[in-house]
Amino acid sequence: MRAIVQRVTKASVTVGDETISSIGRGLCVLLGISTEDTQRDADYIVRKILNLRLFEDDNGKAWSKSVMERELEVLCVSQFTLQCILKGNKPDFHAAMPAESAEPFYSSILESMRSCYKPELIKDGKFGAYMQVHIQNDGPVTIELTSPTGPVDPKQLSKQEKQQQRKEKTRSKGPSESGREKGASRSRQDPNASSGAEGDVSSEREP
């Protein structure tokens with residue numbers, strides 16, 4: 001699942017001469033659903049959209065507050081073209097979820113956002129319609145989100161989990177024993193290693 005998140009001063013969606021939705025300051029989100037997306041992808045995208053710190057706090061400090069913390073609006077627009085795969089110069093959209101499946105899935109994503117936030121502040125375009133999307137980007141600030149794709153092969157998943165566990169253990173323990181041993185060995189072999197080589201300004205210390 002892909003989302004283009006833009007911080008805006010205002011945004012709106014029109015179909016023909018009719019304005020479908022409009023917001024003031026907040027986020028405009030273009031959302032593309034792929035054939036392989038599941039509820040896990042939707043949960044990830046919703047969480048990121050609502051918690052990205054793209055706004056300043058009351059003291060003007062940038063990148064401090066999320067759209068929820070500032071109680072601003074969100075305008076979501078379904079955009080299957082985000083799942084484009086280029087074949088030469090021609091866009092191919094077979095990776096996008098078909099409309100009959102994507103529409104209820106997209107509606108469930110909106111409902112999830114409304115249940116996590118204030119429902120009246122979540123706005124929508126018109127699914128499947130030919131829309132004019134008017135975006136006044138603020139900054140400009142644009143963030144591209146892609147939900148993480150989990151490996152299909154269980155063996156590969158197990159390998160990734162083990163690698164992650166090793167990384168976490170390394171961070172919690174600090175420098176490895178082997179690293180300390182190597183450092184001690186270098187100190188024994190080279191008397192200048194710990195104090196700086198001859199001519200090194202950093203080694204010229206008063207006793």
If every non-hydrogen atom of [X] is compared with every non-hydrogen atom of [Y], which pair is closest and at what distance?
X: P104; Y: A99; answer: CD-O, 4.4 Å
X: Y117; Y: I122; answer: CD2-CD1, 3.8 Å
X: C76; Y: Y106; answer: O-OH, 3.2 Å
X: V15; Y: Y130; answer: CG1-O, 4.0 Å
X: V8; Y: G24; answer: CG2-O, 4.0 Å
X: L27; Y: F55; answer: CD2-CZ, 3.8 Å

- [ ] Evaluate the side-chain proximity of V141 to W63: yes if any heavy-atom separation is below 4.5 Å, no if none is.
- [x]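 The answer is yes; the side chains approach within 4.5 Å.
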Task: Contact check, side chains of L54 and V5, non-hydrogen atoms, under 4.5 Å - done: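 A side-chain contact under 4.5 Å exists here.
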Open item on the list: Please evaluate residues L72 and L121 with respect to the criterion side chain to side chain contact (heavy atoms under 4.5 Å, CB included), reporting the C-alpha separation (whole Å), side-chain torsions for both, the decisive distance (0.1 Å), and the verdict.
Closed with: CA-CA 7 Å; L72 301 174; L121 297 182; over 6 Å; no
Distance in Å, [X] [atom1] paired with [Y] [atom2], rounded so as to fall on 0.5 Å steps:
X: K90; Y: I85; atom1: NZ; atom2: CD1; answer: 13.5 Å
X: L75; Y: C28; atom1: CG; atom2: SG; answer: 4.5 Å
X: I23; Y: K10; atom1: CD1; atom2: NZ; answer: 11.5 Å
X: Q6; Y: N137; atom1: CD; atom2: CG; answer: 5.0 Å
X: S12; Y: K123; atom1: OG; atom2: NZ; answer: 11.0 Å
X: M97; Y: M1; atom1: CE; atom2: CE; answer: 7.0 Å

Open item on the list: With a sphere of 6.0 Å drawn around CD of Q39, does it hold more than 12 non-hydrogen atoms of other residues, nucleotides or ligands?
Closed with: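 Yes, because the 6.0 Å sphere around CD of Q39 holds more than 12 heavy atoms from other groups.
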Task: Greater than 12 external heavy atoms within 6.0 Å of E120's CD - done: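 Check passes, neighbour count above 12.
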Test item: [X] side-chain N/O and [Y] main-chain N/O as donor-acceptor pair under 3.5 Å:
X: R70; Y: E56; value: yes
X: D41; Y: S147; value: no
X: S107; Y: E103; value: yes
X: N59; Y: K61; value: no
X: S115; Y: M113; value: no

TODO: Take S34 and Q83, measure what side-chain hydrogen bond (donor to acceptor under 3.5 Å, both in side chains) needs, and give me the verdict at the end.
DONE: CA-CA 6 Å; S34 81; Q83 295 296 337; 4.6 Å; no
Can you get from [X] to [Y] by hopping between Ile, Leu, Val, Met, Phe, Trp and Tyr side chains that sit under 4.5 Å apart?
X: V74; Y: L82; value: no
X: L110; Y: V133; value: no
X: L31; Y: I20; value: no
X: I49; Y: I109; value: yes
X: F127; Y: V77; value: no

Task: Step-by-step side chain to side chain contact (heavy atoms under 4.5 Å, CB included) determination, R2 to Q79 - done: CA-CA 9 Å; R2 294 176 181 167; Q79 188 172 346; over 6 Å; no
TODO: List the steps, then state whether side chain to side chain contact (heavy atoms under 4.5 Å, CB included) holds for K126 with V13.
DONE: CA-CA 8 Å; K126 187 174 182 179; V13 175; 5.9 Å; no
- [ ] May I ask you to decide whether D57 forms a salt bridge with K65, counting only side-chain N to carboxylate O separations under 4.0 Å?
- [x]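 A salt bridge is absent here (no side-chain N lies under 4.0 Å from a carboxylate O).
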TODO: Might you work through the side chain to side chain contact (heavy atoms under 4.5 Å, CB included) test for F93 and T81, ending with a clear yes or no?
DONE: CA-CA 7 Å; F93 303 114; T81 59; 3.9 Å; yes
